[in-house]
Amino acid sequence: MITPRTPSGVLELLPAEQIAFQRMLDAIRSGYERFGFLPIETPVFERSDVLLTKTGGETERQVYFVQSTGALEKSREADTSAEGPALPEMALRFDLTVPLARYVAEHEHQLTFPFRRYQMQRVYRGERPQRGRFREFYQCDVDIIGKDELSVRHDAECPAIIHAIFTDLAIGSFTIQVNNRKLLRGFYEDLGITDAEQQAAVLREVDKLDKRGPDHLRSTLTGAGFGLADEVVEQILAFVQVRSTGHDDALARLAEVERGSRGSASLAEGVAELREVLTLVRALGVPESDYCLNFSIARGLDYYTGTVYETTLDEHPQIGSICSGGRYDNLAGQYTRSRLPGVGISIGLSRLFWQLREAGLLEASTGESTVQALVPQVDAELLDDQLALASQLRHGGINTEAVLDGGKLGKQLRYADRAGIRFVAILGRQEVADGTVTLKDLRRQDQFTVPRTEVVSALRVELAQPQV
RNA sequence: GUGGGUGUAGCUCAGCAGGUAGAGCGCCGCGUUGUGGUCGCGGAUGUCGCGGGUUCAAGUCCCGUCACUCACCCCA
């Protein structure tokens with residue numbers, strides 16, 4: 001016997017939880033569609049050369065390669081003579097953005113721009129698994145891709161989508177934190193940190209501010225690796241700890257940053273963009289309590305170029321960002337000469353779901369089955385009537401399971417209870433004789449008898465009742 | 001890739017101056033005839049991660065190995 005075990009770093013759920021997960025997926029999908037986005041899917045694996053265009057060492061370290069047996073043998077033969085092992089022909093996607101870039105570049109002429117697509121699929125990263133981090137996980141992406149141009153107005157749509165979806169998900173109050181990479185670049189240039197490498201290193205450290213605190217950041221930046229002057233570090237700290245407390249405050253903070261500038265064009269541009277984005281976010285109806293400026297946010301350094309977003313749950317800051325994204329100048333530069341600027345966000349649903357479960361925020365939504373009614377077998381001789389009742393319920397649009405193997409009624413009720421099925425429609429000799437059905441609500445511990453002809457409508461009424 | 005921690009029943013874990021394994025939860029059955037979840041009573045379940053060593057004797061000590069896990073790196 002082989003011990004049955006999932007590989008580590010995957011999120012495999014039991015049905016009760018899967019239902020809760022599915023509902024979250026549905027809420028996100030419907031949110032994306034409500035904002036006028038179109039669905040696409042791309043293959044779980046891509047050609048290695050397509051996926052690894054950036055050939056960053058980190059990327060290759062984290063990617064899973066896929067190799068057919070035939071190709072594997074072929075590459076082995078070639079290996080004996082060639083200059084080292086060739087890359088496997090395929091690799092599993094590690095995000096949905098690179099496949100999107102390939103997709104848009106490949107189908108550019110069949111798509112209409114701005115191209116608004118959403119995509120909710122699994123991605124794979126060969127990281128060492130950690131608490132709440134997976135090697136296989138869902139990303140729910142939504143992006144707007146422009147041809148040649150995409151006004152910054154689109155950047156304002158993302159917070160509006162996030163707001164709509166997280167309101168629907170009802171997992172508590174949240175804050176959409178907004179920043180702008182141009183503003184950051186300008187700010188650090190003004191401080192004399194102009195070297196791209198050094199700037200990136202500083203941004204990486206600053207990004208950990210919320211996790212490690214200002215003191216840690218201060219000692220890191222003044223330390224050997226960076227060697228920044230105390231005065232400069234204090235300016236950085238003052239800057240990155242900014243969190244606006246409302247719309248007007250956000251605009252005031254921007255004005256303040258602009259006043260403090262030594263004339264960086266990038267900073268001015270970033271400020272102007274943020275101003276426009278914030279103004280439109282408000283116009284789109286996002287309450288000002290739900291968004292703020294946060295100058296510490298940098299996000300992934302590789303391609304975000306303008307607006308960046310990060311969303312956190314107010315009551316559970318330890319969960320970290322539950323949705324993030326930003327603006328990129330040119331999505332598919334590796335695949336096409338066309339300039340395709342874009343903006344988008346991504347919800348890492350597996351991680352979010354796992355965190356919510358850990359925080360005990362899922363209890364209410366789990367334990368409920370998609371089966372709405374169970375028709376037990378009270379008497380084996382009444383099988384035909386029992387099945388007819390099940391059909392009647394199904395035609396009435398009620399998700400119904402009929403017990404086919406019978407047994408004691410008590411056991412069947414226990415089965416329903418454990419399976420999270422709320423209603424049982426009992427049809428025994430008595431009911432058949434009377435032309436009735438007994439409906440039992442396991443949650444409210446209540447039961448009553450209705451005429452068989454009215455069972456669907458009666459059950460519909462009951463399903464609409466609260467559980468407790 | 002670097003550094004810690006842990007591996008005992010399905011789950012969470014206890015057992016430890018070395019003497020051939022336990023609790024809670026869960027699971028199964030019973031509390032009669034068509035009523036679950038509560039309650040009472042009864043029951044099943046373990047190559048004590050794997051391999052080697054020390055010992056009369058190892059879950060308990062030593063070595064190795066594997067797995068898992070936490071943190072760092074990174075997170076498009």
Side-chain angles (χ1 to χ4, degrees), chain A residues 1 3-9 14 51-63 93-102 123-135 137 139 141 143 200-201 203-205 207-208 211-212 216 220 298-305 308 310 320-321 324-326 328 331-334 342 344-346 348 351 367 374 376-382 386 403 406-433 437-449 467-468:
Chain A
M1 293 266 278
T3 310
R5 261 195 332 201
T6 54
S8 69
L14 294 172
L51 219 48
L52 298 173
T53 48
K54 294 208 170 121
T55 53
E58 266 317 309
T59 301
E60 238 168 296
R61 209 179 87 189
Q62 295 201 336
V63 80
R93 60 175 173 222
F94 44 84
D95 74 359
L96 298 178
T97 306
V98 171
L100 171 66
R102 189 229 83 219
V123 303
Y124 299 82
R125 290 187 194 177
E127 311 184 67
R128 180 157 292 193
Q130 264 179 71
R131 193 172 175 72
R133 297 182 57 181
F134 301 97
R135 298 196 291 178
F137 56 97
Q139 284 198 333
D141 278 30
D143 292 85
L203 287 176
R204 256 198 300 274
E205 287 308 316
D207 209 41
K208 297 171 188 165
K211 194 170 170 185
R212 296 186 181 164
H216 184 274
T220 305
R299 294 314 304 163
L301 301 174
D302 280 358
Y303 57 62
Y304 289 130
T305 53
V308 288
E310 205 161 89
S321 177
S324 56
Y328 30 90
L331 175 69
Q334 313 281 347
I345 50 172
S346 177
R351 179 181 165 80
L374 181 80
Q377 191 172 110
V378 185
D379 187 329
E381 289 179 17
L382 299 176
Q386 181 206 349
V403 176
K408 285 188 175 177
L409 183 60
K411 277 197 175 180
Q412 298 183 53
L413 291 174
R414 186 168 63 174
Y415 168 80
D417 191 51
R418 284 188 194 175
I421 303 170
R422 182 173 165 191
F423 290 97
V424 178
I426 300 171
L427 186 67
R429 287 189 183 283
Q430 190 62 51
E431 286 82 0
V432 169
V437 174
T438 296
L439 290 179
K440 183 179 176 69
D441 184 339
L442 294 182
R443 297 287 154 70
R444 303 171 99 180
Q445 309 178 38
D446 185 27
Q447 73 176 53
F448 54 94
T449 300
Q467 302 201 0
V468 182

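Order of the sequence lines fixes the chain letters, A, B, ..., with proteins taken first and strands second; residue numbering starts at 1 for each chain. Only a predicted model underlies this, so the values are computations on that prediction, with no experimental measurement involved. The analysis underlying the following values was restricted to heavy atoms, covering all of them including side chains, and did not include hydrogens, waters or symmetry mates.
For the pair A/Lys411 and B/rG29, the criterion of a side-chain N or O lying under 4.0 Å from OP1 or OP2 is met. For the pair A/Arg422 and B/rG36, the criterion of a side-chain N or O lying under 4.0 Å from OP1 or OP2 is not met. Look at A/Lys208 and you'll find a side-chain N or O under 4.0 angstrom from OP1 or OP2 of B/rC74.
With distances taken from any side-chain atom of A/Leu413 to the nucleotides B/rC30, B/rG34, B/rG36, the minimum falls on B/rG36. Side chain of A/Gln430, nearest nucleotide from B/rG34, B/rG36, B/rC74: B/rG34. Among the nucleotides B/rC28, B/rU35, B/rC74, the one closest to any side-chain atom of A/Arg204 is B/rC74. Each of B/rG34, B/rC28, B/rC74 was ranked by its minimum atom distance to the side chain of A/Thr438; first place goes to B/rG34. Among B/rU35, B/rC75, B/rG29, the nucleotide with an atom closest to any side-chain atom of A/Arg125 is B/rC75.
One can find a donor-acceptor pair under 3.5 Å joining the base of B/rG34 and the side-chain atoms of A/Glu431. The base of B/rU35 sits within donor-acceptor range of the side chain of A/Gln447, with an N or O pair under 3.5 Å.
We find that CG of A/Leu14 is positioned 13 Å from P of B/rC11, with the value rounded to whole Å.
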Tabulate protein N/O versus nucleotide N/O from nucleotides 69-71 of chain B, keeping only pairs under 3.5 Å, one per line.
unit_1: B/rC70; atom_1: OP1; unit_2: A/Arg131; atom_2: N; d: 3.3
unit_1: B/rC70; atom_1: OP2; unit_2: A/Arg131; atom_2: N; d: 3.3

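Partners of A/Ala425 according to the side-chain contact (heavy atoms from CB on, under 4.5 Å) rule, which considers only residues two or more places apart in sequence or in another chain, are A/Val375, A/Leu389, A/Leu393, A/Val437, A/Leu439.
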